[in-house]
Each structure stands twice: as C-alpha cells, then as structure tokens.
**Q** 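This structure is in structure tokens; I'll ask about it shortly.
Note that the structure is a prediction, hence the values are computed from the model and not measured.
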Amino acid sequence: MNSELMADWQSRTIDGIRTRRAVESDWEALRGRYDRAFGGVKTHDFEAWKRQFRLEDIAVVEDVTEAGEPRIVGTAAIIRTTVTAPGGAQLTVAACAQGMVATTHQKRGIYAKVQAELMAIALETEADVFAAMPGPGGSYAYVGVTTHTRHLRIDRARAKLRAAEPDSGRVRESSYAESMGELRRLYARWQQGTPGALDRAESWWPSALHPRAFVLTHADGYVVYELAGDTVHVRDFCALTVPAHRELLRCLLGQGEYVRILLDTAIDDPTPLLLEDARAAAVTGVDAGLSTWILNLPKAIAAREFRADFHGVIEVADPWGLSAGAYRLDITGGHGTWTPADGAAADVRIGPLELTTAYFGTHSISEFERAGRVYSLTAGAADALDRAFATTRKPFNTTPF
C-alpha cells in the first residue's frame with residue numbers, strides 16, 4: 001500500500017540510527033526500555049506476556065553512533081489478533097503496542113521510522129485492520145476511535161436491584177486458577193457477539209489478571225475482581241444475558257464491608273437500569289479505548305451486517321493518501337460490496353477516520369454530518385447511508401494491549 005504518508009515515513013534518514021526487527025537477545029534491553037517509558041510492563045507473568053509477540057513483529061530502533069555499542073532507543077510491536085465486526089464476523093488485526101522513543105532521542109523523526117516499520121509489518125501479516133490504543137502522551141491521527149469505556153462508581157449501600165426474579169443461586173465462587181478455562185470459553189462467546197471486542201490469546205489470561213483475584217462465575221457470564229481499602233475493583237466483567245448480568249451484580253452488591261464498586265462498561269451497558277435508582281451508579285468518566293483503521297475495506301464491508309439497503313458512490317477524502325478514492329457501495333439484504341468507482345460522481349464524501357468509526361457503530365453517519373465531517377453530495381444520500389450503518393449496540397473492548 002503506497003501513500004504520501006508512508007513514503008514520507010520511509011524516506012526519512014537519521015544519522016546514526018538503524019531500524020531492524022527484534023531478536024531473542026533483545027528482550028532484556030526491551031524490558032529496560034519499557035521500564036523507563038511506562039514504569040514497567042503491566043503484567044503478572046512476563047513470560048506469558050512475551051508470548052503475545054512474534055520477534056519478527058517487533059520493530060527496534062538503535063543508536064549506532066558508538067561503534068560496537070548499539071543502544072535501543074525506540075521500539076514498537078504488532079500483536080496479531082481479531083476483532084468482531086457488527087454482525088459477529090471476525091476481522092484480522094495488527095495491533096500496535098509498546099510504542100516508545102527514549103527521551104534522549106525524541107523530536108528527531110524516530111517514531112515516524114517506527115510507524116513505517118509497523119505498517120510494513122501490518123501489511124506483511126495481511127491484517128484487515130490496524131489498531132492502536134494511544135496513551136495519554138500520544139495519538140495516531142490516521143486511526144478512528146472504535147470503542148469508548150464508561151467508568152461507573154456504584155454506591156454499594158444505596159444501590160438496590162429492581163424487583164425482579166429472586167436470587168437464582170446460579171453464581172459460583174472460584175479461584176482464578178481453577179476457573180481460567182471456563183472464563184476463556186465464556187469470554188470467547190461474549191467477544192464473538194460484541195462489536196469492537198478483541199480476541200484474547202491463551203497467554204493473555206495469566207499475564208493480564210492477578211492470580212489471587214476473586215472470581216464469580218455463571219453459566220452465561222463471570223466477574224473477576226479485587227478488594228482494596230473500602231473499594232471493590234472489577235477487573236473483568238462479562239455477561240451474555242440479562243439474568244447473568246443481574247445475578248453477578250447482585251453478588252457484587254453483597255460485599256457488605258465495602259463502600260463502592262468501580263466498574264468499566266460500554267456506553268450502552270444496562271447496569272444503571274438494573275438498579276431501582278440509576279443515580280447510584282455514577283458516571284465518573286468516558287474514555288476512548290480502541291482506535292482502528294480499516295486496511296481491507298472490501299473484506300470488511302463484505303463481513304459486516306447492515307440494517308438497510310444502500311446503493312451509491314462514496315468518496316473517501318483521505319488527507320494521508322492511504323485509502324483515497326471513489327468506491328461503489330452496494331448493500332442489499334444486509335450484505336454489502338465495496339468496489340472501485342474511478343471517475344463516478346460521488347454521493348457521499350467521508351474521511352477514513354469517520355468511515356472506520358461509523359463502520360463499528362461508535363458514532364453514526366448523521367452525527368458526523370452534523371459535525372461537518374460527512375457531506376451528502378446527493379440529496380438524502382447521507383441519511384440513507386446512516387440507516388444502512390445503524391447498529392443495535394455500541395462497540396466495546398475490554399482487552400487492552
């Protein structure tokens with residue numbers, strides 16, 4: 001894939017700097033870099049965490065100005081995974097992780113070199129989607145927000161479940177170690193039905209969650225949580241049905257020695273609506289989570305489920321030249337095709353970020369049109385596209401990387 005942005009990244013030359021792929025002997029130096037950049041890797045099992053990566057998917061930038069003493073001054077890696085499209089299909093993902101440049105070498109264009117190498121890796125993997133989760137200090141201008149996370153603070157004493165079915169007794173306490181296989185199976189069911197959710201490799205489980213965390217399981221869900229001070233910290237919550245959601249929440253509310261429950265949810269998660277007084281679940285913030293850029297639009301469009309028919313030409317106005325052009329989008333009976341339409345008059349003009357975000361259902365076409373980020377060039381075309389891209393639930397991801 002050629003573009004002005006990629007050409008710029010790849011053409012930059014920096015004296016004394018070399019870019020290559022990682023080798024096994026780099027791990028000690030890489031871990032040192034992670035310590036300096038992020039305060040260490042956030043993992044409970046470093047060896048398990050390492051298994052997420054292939055060495056050929058890790059870009060390394062070295063300072064080679066001192067002969068015989070190269071030093072790693074920048075790095076980033078790709079994690080191969082999948083993401084759920086609206087309708088349940090899986091798209092392959094190249095997820096950008098652990099991106100950093102040493103403070104001694106910033107503002108030299110080094111991270112552009114890292115990004116060029118990462119994009120080359122993503123194309124080598126033939127991923128359908130490029131993904132990132134920019135931290136507080138960074139952003140990627142060419143990816144669109146795909147999921148949001150809503151932070152809830154539940155007043156445990158005040159929160160009461162709405163009158164409904166009595167306690168079913170179907171929730172079981174267990175340790176993390178003994179329930180890991182069950183959690184993996186439940187999460188896989190949830191992930192495959194949740195747009196924006198990433199798959200979890202087997203190595204993720206011992207790496208990401210504390211081995212002494214408390215676990216509650218239900219036939220259709222689970223919760224993993226920790227206790228600290230007067231607070232219940234929910235680390236992973238998965239409910240496939242309303243009864244499972246209610247029963248797991250009932251058990252969390254039964255933690256009588258604790259004042260509050262902290263729980264991260266999707267924007268449209270029903271937790272507050274399960275309570276007699278929804279105000280007992282206060283929203284303390286909403287953060288952007290997963291951000292993506294669709295690399296393979298023909299496959300992504302063919303994989304997605306649509307809510308209405310659409311027939312028209314979409315102009316992708318891409319300032320970076322990554323996916324610019326005119327394309328015919330034909331949607332019939334919930335299924336779509338995306339083909340080049342060079343020279344055809346466009347009905348809708350949209351940017352690649354807006355297209356990606358609307359694809360997953362994070363924001364609607366009509367929202368972007370009101371913000372002046374989507375333009376209807378044919379009367380009613382944007383409204384028709386909005387109806388086609390409508391989704392029944394907001395995308396959500398609980399798997400950071």
Side-chain angles (χ1 to χ4, degrees), residues 1-41 46 49-81 92-143 291-293 295-296 318-323 352 401:
M1 180 177 294
N2 296 317
S3 72
E4 294 178 6
L5 180 63
M6 284 286 288
D8 175 58
W9 287 346
Q10 292 169 339
S11 66
R12 297 186 188 189
T13 58
I14 306 169
D15 290 342
I17 294 298
R18 177 177 67 189
T19 303
R20 61 174 176 82
R21 303 292 173 87
V23 295
E24 186 65 34
S25 59
D26 287 326
W27 275 117
E28 183 177 353
L30 287 171
R31 192 167 189 179
R33 289 260 57 97
Y34 302 150
D35 288 345
R36 283 182 175 271
F38 314 121
V41 176
F46 185 73
W49 180 86
K50 281 169 52 178
R51 291 197 294 273
Q52 298 178 93
F53 304 95
R54 303 184 188 189
L55 288 169
E56 65 267 27
D57 293 347
I58 302 175
V60 169
V61 178
E62 290 181 313
D63 184 325
V64 294
T65 54
E66 296 182 23
E69 295 185 19
R71 292 175 294 124
I72 295 178
V73 295
T75 184
I78 289 293
I79 296 175
R80 304 187 192 204
T81 184
T92 59
V93 175
C96 170
Q98 303 303 116
M100 58 77 59
V101 174
T103 56
T104 55
H105 287 67
Q106 293 178 4
K107 308 302 181 183
R108 301 188 192 182
I110 290 176
Y111 201 64
K113 300 293 287 184
V114 172
Q115 289 178 304
E117 193 68 15
L118 280 186
M119 195 56 66
I121 294 169
L123 296 176
E124 288 171 13
T125 69
E126 299 183 339
D128 304 320
V129 176
F130 181 83
M133 296 187 76
S139 65
Y140 298 88
Y142 49 88
V143 292
S291 292
T292 61
W293 168 42
L295 299 173
N296 189 339
D318 185 350
W320 303 284
L322 295 165
S323 53
F401 52 86

**Q** Can you see which heavy atom on Pro70 is nearest to which on Val64, and at what distance?
**A** CB-CG1, 4.0 Å

**Q** When rounded to the nearest 0.5 angstrom, what is the spacing between CD in Glu69 and CD in Glu62?
**A** 12.0 Å

**Q** Considering non-hydrogen atoms only, spot the tightest contact between Ala76 and Leu118 and give its length.
**A** CB-CD1, 3.5 Å

**Q** Do you know the tightest heavy-atom contact between Ile121 and Ala59?
**A**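 Taking every non-hydrogen atom into account, CD1-N, 4.3 Å.
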
**Q** Tell me whether Asp128 contacts the main-chain N or O of Thr92 through its side chain, where contact means a donor paired with an acceptor under 3.5 Å.
**A**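 Yes, Asp128 side chain to Thr92 backbone: donor-acceptor pair under 3.5 Å.
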
**Q** Please find the pair of heavy atoms, one from His105 and one from Val73, that lie closest to each other, and give the distance.
**A**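 Reported closest heavy-atom pair: CE1-CG1, 3.6 Å.
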
**Q** What residue among Thr125, Val143, Thr292 forms side chain to side chain contact (heavy atoms under 4.5 Å, CB included) with Phe130?
**A** Val143

**Q** Has the side chain of Gln52 got a donor or acceptor atom that lies under 3.5 Å from a matching backbone atom of Trp49?
**A** yes

**Q** Atom NZ in Lys50, atom CG in Leu55: separation rounded to 0.5 Å?
**A** 8.5 Å

**Q** Looking at Cys96 and Phe401, what are the two nearest heavy atoms and their distance?
**A**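 Smallest interatomic distance, heavy atoms only, reads O-CE1, 3.0 Å.
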
**Q** Run Ile110 and Ile14 through side-chain contact (heavy atoms from CB on, under 4.5 Å) and show every step you take.
**A** CA-CA 8 Å; Ile110 290 176; Ile14 306 169; 3.9 Å; yes

**Q** Does the Asp318 side chain pair with the main chain of Pro352, one donor and one acceptor, at a distance under 3.5 Å?
**A**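 It does not hold such a pair.
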
**Q** Under the side-chain contact (heavy atoms from CB on, under 4.5 Å) rule, what do Val114 and Glu117 come out as? Steps first, then yes or no, please.
**A** CA-CA 5 Å; Val114 172; Glu117 193 68 15; 5.8 Å; no

**Q** Hey, could you give me the OG1/CG distance between Thr65 and Asp63, rounded to the nearest 0.5 Å?
**A** 3.5 Å

**Q** Rounded to the nearest 0.5 Å, how far does OG1 of Thr103 lie from CD of Gln106?
**A** 6.0 Å

**Q** Could you tell me the separation between the CZ atom of Arg18 and the CD1 atom of Ile72, rounded to the nearest 0.5 Å?
**A**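 Going from CZ on Arg18 over to CD1 on Ile72, the span is 10.0 Å.
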
**Q** Would you confirm whether Glu56, through its side chain, and Arg21, through its main-chain N or O, come within 3.5 Å as a donor-acceptor pair?
**A** no

**Q** Would Val129 and Trp293 satisfy side-chain contact (heavy atoms from CB on, under 4.5 Å), going step by step from the backbone distance to the final call?
**A** CA-CA 6 Å; Val129 176; Trp293 168 42; over 6 Å; no

**Q** Tell me the closest heavy-atom pair linking Leu295 and Ala122, and the distance in Å.
**A**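 Heavy atoms of Leu295 and Ala122 come nearest at CD1-CB, 4.4 Å.
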
**Q** Determine whether more than 12 heavy atoms belonging to other residues, nucleotides or ligands lie under 6.0 Å from atom CZ of Arg31.
**A**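 For Arg31, atom CZ is not crowded (no more than 12 foreign heavy atoms under 6.0 Å).
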
**Q** Measuring only between side-chain heavy atoms, which start at C-beta, is Ile17 closer than 4.5 Å to Lys113?
**A**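 Counting from C-beta outward, Ile17 and Lys113 never come under 4.5 Å.
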
**Q** Please report the interatomic distance CG(Asp26) to CD1(Ile58), rounded to the nearest 0.5 Å.
**A**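 Answer rounded to 0.5 Å: 8.0 Å.
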
